[in-house]
Amino acid sequence: MSSMQTAAKLINSGVLNTQLEKLVSAIYPVEDSMSAFLRARDDKTVLRVLIDFSENSPAPSDAAG
C-alpha cells in the first residue's frame with residue numbers, strides 16, 4: 001500500500017477529524033463559490049476555504065465553530 005493510500009485511509013477513518021478541522025476556515029456550497037474565492041483572497045487569517053459540491057449543501061459556515 002502506498003503512503004498516499006495509507007493517508008487516505010487514515011483520513012477516511014475519522015481518527016484525525018479534530019486536527020483536520022483546524023485546517024479549514026470555512027465551507028461554502030458550490031453556489032457561493034465566488035464568495036469562497038473572495039474570502040480566501042481577501043481574508044489573510046483564512047487557512048483553507050472548501051467548496052462543497054454535494055447536493056443540498058448548507059449555507060456558508062465557519063468550519064471551526
K.L.:
About how many Å separate CG of Leu50 and OH of Tyr28, when rounded to the nearest 0.5 Å?
P.N.:
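These two atoms lie 11.0 Å from each other.
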
K.L.:
Say you draw a straight line from CD of Glu31 to CD1 of Ile51; how long is it, rounded to the nearest 0.5 Å?
P.N.:
10.5 Å

K.L.:
As an exercise, state the distance from NZ of Lys22 to CG of Asn17, rounded to the nearest 0.5 Å.
P.N.:
12.0 Å

K.L.:
For residues Leu16 and Leu23: do they belong to one hydrophobic cluster (side chain heavy atoms under 4.5 Å, members Ile, Leu, Val, Met, Phe, Trp, Tyr)?
P.N.:
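Yes; Leu23 is reachable from Leu16 via cluster members.
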
K.L.:
Could you report the tightest heavy-atom contact between Arg39 and Val46, atom names first, then the distance?
P.N.:
NE-CG2, 3.6 Å

K.L.:
If hydrophobic clusters are built by linking Ile, Leu, Val, Met, Phe, Trp and Tyr wherever their side-chain heavy atoms come under 4.5 Å apart, do Leu20 and Val24 end up in the same one?
P.N.:
no

K.L.:
Examine Ile27 and Met34 and state if one hydrophobic cluster contains both, with Ile, Leu, Val, Met, Phe, Trp and Tyr joined whenever side-chain heavy atoms are less than 4.5 Å apart.
P.N.:
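In one cluster with Ile27: Met34, no.
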
K.L.:
Give the intermediate values and the outcome of side-chain contact (heavy atoms from CB on, under 4.5 Å) for residues Ser33 and Val30.
P.N.:
CA-CA 5 Å; Ser33 295; Val30 67; 3.8 Å; yes

K.L.:
Check for a donor-acceptor pair, side chain of Asn12 on one end and backbone N or O of Ala8 on the other, with a separation under 3.5 Å.
P.N.:
yes

K.L.:
What pair of heavy atoms forms the shortest contact from Leu47 to Ser25, and how long is it?
P.N.:
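Scanning both residues, the minimum pair turns out to be N-OG, 2.9 Å.
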
